[in-house]
Amino acid sequence: MLAFDFDKLLITTIIGLSTGAIYAVIAGGLVVTYTTSGIFNLAHGATGVLAAFTYWQLRFDWGWPAPIALLIVLFVLCPLFGAFTERYIMRGLKDTTEVVRLSVTVALFSAMIGLTNWLWPTGESRAAMRRFFEGNQVSIGGINVSWHKLITMGCAIVVALVLRLLMYRSRTGLAMRAVVDDRDLTELNGARPDWVAMLSWALGATLAGLAGILLAGEQGINVEPLILLVINAYAAAIIGRLRSLPMTFAGAVLLGLLDAFYLGYSDADWFPKSAFGFSLTGVRASIPTIVLFAALILMPQARLRAGVVRLREKHIEPSWSTAFVGAGVLIAFTVAISGMLTRADTLLLINAFLLAIAALSLVPLTGYAGMVSLAPLTFAGLGAVAMAKLPGNGNLLSLLGAMAIVAAVGAVVAVPALRVTGVYLALATAAFAVLVTNLVFNQRQTFQTGNIAVPPLDLPGLDLSSPRARLVMLSCAFSVLGLGVVAVRRSALGRRFIAVKDSQAAAATIGMNVTAAKVAAFAISAAIAACSGALTGDRTSAQRYDFLQSLPVVLLAVVGGVAAVSGALLGGMMLGANAVIEAIAGSEFVRNLAKVLPGTLGMTLGRSPAGVTDQTSEGYRPLVGRWGLIALAAAGAVVIWALTTTGAVSHWSFVFAMTVWMLGIVPLLTQIVDHRDRRSVLAAVFLLAAVCVAAFVDWGTTIATAGWRVVALVLLMVVVIQVTRRILDREPKAPVASPDDLGLDRELTAAEVEEIDRALQVVL
């Protein structure tokens, strides 16, 4: 007979309420920022982590008094950071898609985690993060409760009261809620939406910082565990449907209690330790994501909304000629450079191609159908497992079988997509990724000892065992998959995807089966991602496919241009290049710079939401049909390659010269040829000088480390592009502001009125 232990129940309840209080503070900040800006801040947890480390630095490393350290972090640094984020990053996202807005928050997340790891390196010994009033406790009903837990629960109560009063009893709160309903109408009534949004982000950052400090006191000062615990609070925000603060706080308490009761009673004899041969050790870490998944499933189905779609991203349907030329050039270029690479460089480029294939899986799903997935590498991991487990030892049938199995899993995951959209769908895929990581990838049946041997692809008559052969094979695989994606885009199914993205209501009105289109998009995406894992051809670890690894893939796919095959290739290469910099950088500064580089790139999406390839293609598009210029572009690339094969140009100089030629000169050929004036001559001379410098300076010996060479290449490209654009700029300079526009948002001063009169030539 089971004995009832009341003391254990009370202790467990107090622990659960304390954990729930932290979740409530985190989720409250998420709800405030979302309801006032419409942006779900995935970087909320990273803000808390950065604040916790900053508090640790002030309090425990520099020895500042706790009240002063808290005052500086929570009421100075966090609000300033939140206001800065809204003003210079988030405000530029107006009229962008949900994909771009989420990607920018992922970029912010990545940059902040990179900065935290830069300033406080992992593995470095540091003083412990102690709790508030460490060692002091109070007896409640015979149970000793630490002051830290009481302070945590008190903070949650205070936050709940303050938010309630602010949102419903103050003019500022009224303005906050009005901005969400109709920003333009609110502005016409005298409110200042930009200031309101800035205040909301400042408040959200403060709450994230408070939660991070409280959580670090309980769990210790480590980046990854803190991030995952903060992400758990997403479930509480979803229970409140990102609007209701009382429901959000109730969800947070529920999460805390579930976690505490599982921790308290899972070691009992009667509690099951396995199910159907699978270990249940990952269930505790999965509780918040299970709750999140259940909440999303039980939410009312999203209503189809009709209205005007105002998006800044415009994408052009790819042509077959461009697709085949691009695929041929990619394979030829890979074959040409494969002989120049060392074995280590070849392996790094193989990794970049695998990431590019994973990024390619987002093109039909996110780029065409407009649905966000935060789990591309999760499907890749499932593909790796399927390839390793299926009979055939890596033959083509095994690959097709792995793709079919994972495609079926993707179609099942699409079930939430039938009910939710936008940020809710993104969180559903994130929950799926965490569940697979905790419950599938940690089993001995999948990654036995943390690793698994994926057999190399076995094609009749071909030996693909060497790294060089695998590299060429992956370039062919990406080209074939890319052509398949183009075929989907140009088919009737692709037009359905675009219709779903543009307006689901309109698509449903004309009789289109929106559900079938969504399921097809998920299945195709999962099958392509499975290729990334199935073609690994080597031993691989479960950590390679966890949730946090998927975020940079999503981010750089969007930075590259998620609606284009070339964007996926560029995104994968940028992520692979980042790994190269980290691996070969001889300088600690460059290695740390590589940690924040992807996030920094992603934060510029507000300026170019269609991605880098869209900007680049603007330069290449005028070359279509200009066969003479195309031949000149190809001849230049062949000459540079020939100089390298004869030894006249070193391998690093080849990389510099080819980059300057393909990205700096070729996109400007039409501007130089079509305008035969002094500017064109000057630009041509400058560009020829630039490519000569790139080719004939021996960068391999001039710069000591590979990391600094990559940095030098980036700086050289920035200089070449910016200088050339200024030389070719033939547009007349527009006045800074028209005098007719002055005075619309504020009252003019007497001096300004006089200045305007003079500008308008008004004579009284």
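On a predicted model such as this, the values are computed, not experimentally measured, just so you know.
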*Take the angle between the ring planes of Y55 and F60 and call it parallel below 30°, perpendicular above 60°, tilted in between.*
perpendicular
*asked:* When you compare the side chain of T724 with that of V720, does any pair of heavy atoms fall below 4.5 Å?
replied: yes
_Any donor-acceptor N/O pair, S532 side chain to L354 backbone, under 3.5 Å_ = yes
*Does any non-hydrogen side-chain atom of L207 lie less than 4.5 Å from one of L163?*
yes
*In Å and rounded to the nearest 0.5 Å, what is the CD to CD distance from Q549 to Q543?*
9.0 Å
*Do you know the tightest heavy-atom contact between T33 and S200?*
CG2-O, 3.7 Å
*Provide the closest heavy-atom pair for L50 versus L115 in the form atom of the first, atom of the second, distance.*
CD2-CD2, 4.5 Å
*Chi angles and distances behind the side chain to side chain donor-acceptor pair (under 3.5 Å) call for R544, N351*: CA-CA 11 Å; R544 180 187 177 95; N351 182 54; 3.0 Å; yes
*Determine, stepwise, if the pair F547 / L377 fulfils side chain to side chain contact (heavy atoms under 4.5 Å, CB included).*
CA-CA 8 Å; F547 167 62; L377 287 188; over 6 Å; no
*Heavy-atom pair of closest approach, residues Y23 and L255*: CD1-CB, 3.8 Å
*Heavy atoms, side chains only, cut-off 4.5 Å: are V363 and Y368 in contact?*
yes
*Would you say the side chain of F81 lies within less than 4.5 Å of the side chain of T47, judging by non-hydrogen atoms?*
yes
_Quick one, V159 and L210 - any side-chain contact, counting heavy atoms below 4.5 Å?_
yes
*Output the distance between atom OG1 (T54) and atom CG (L77), rounded to the nearest 0.5 Å.*
6.5 Å
*Please round to the nearest 0.5 Å and tell me the distance separating atom CD1 of I39 and atom OG1 of T105.*
8.0 Å
*Side chains of S373 and V554: does their closest heavy-atom pair fall under 4.5 Å?*
no
*For ring pair (Phe, Tyr, Trp, His ring centres under 6.0 Å), just list the numbers for F379 and F432, CA-CA rounded to whole Å, side-chain angles, deciding distance to a tenth of an Å, and then say yes or no.*
CA-CA 10 Å; F379 291 113; F432 168 75; 5.4 Å; yes
*Output, in order, the C-alpha distance, side-chain angles, deciding distance and verdict of side chain to side chain contact (heavy atoms under 4.5 Å, CB included) for W195 and M198.*
CA-CA 5 Å; W195 281 102; M198 195 180 290; 4.2 Å; yes
*Looking at side-chain heavy atoms only, is the closest gap between L365 and T429 below 4.5 Å?*
no
*Atom pair CH2/CE of W201 and M90 - distance to nearest 0.5 Å*: 4.0 Å
*Output the distance between atom CG (L215) and atom CE (M129), rounded to the nearest 0.5 Å.*
9.5 Å
_Considering all heavy atoms, the nearest V500-A369 contact_ = CG1-O, 3.9 Å
_Set out, in order, the CA-CA distance, both residues' side-chain angles and the distance that settles side chain to side chain contact (heavy atoms under 4.5 Å, CB included) for L427 and L42, then state yes or no._
CA-CA 10 Å; L427 292 178; L42 289 171; 4.2 Å; yes
*Check whether any side-chain heavy atom of R101 sits under 4.5 Å from a side-chain heavy atom of F40, and report yes or no.*
no
*asked:* Determine whether a donor-acceptor pair (N or O, by modelled atom type, separation under 3.5 Å) exists between the side chain of H44 and the backbone of G29.
replied: no
*asked:* Can you give me the closest heavy-atom contact between V73 and A51, atom names plus distance?
replied: CG1-O, 3.8 Å
_If I take atom CG from residue L425 and atom CG from residue L374, how far apart are they, to the nearest 0.5 angstrom?_
8.5 Å
_Show the nearest heavy-atom pair for residues A43 and F109, with the distance to one decimal._
CB-N, 3.5 Å
*L355 vs V553, side chain to side chain contact (heavy atoms under 4.5 Å, CB included): CA-CA, chis, key distance, verdict*: CA-CA 7 Å; L355 292 172; V553 176; 4.1 Å; yes
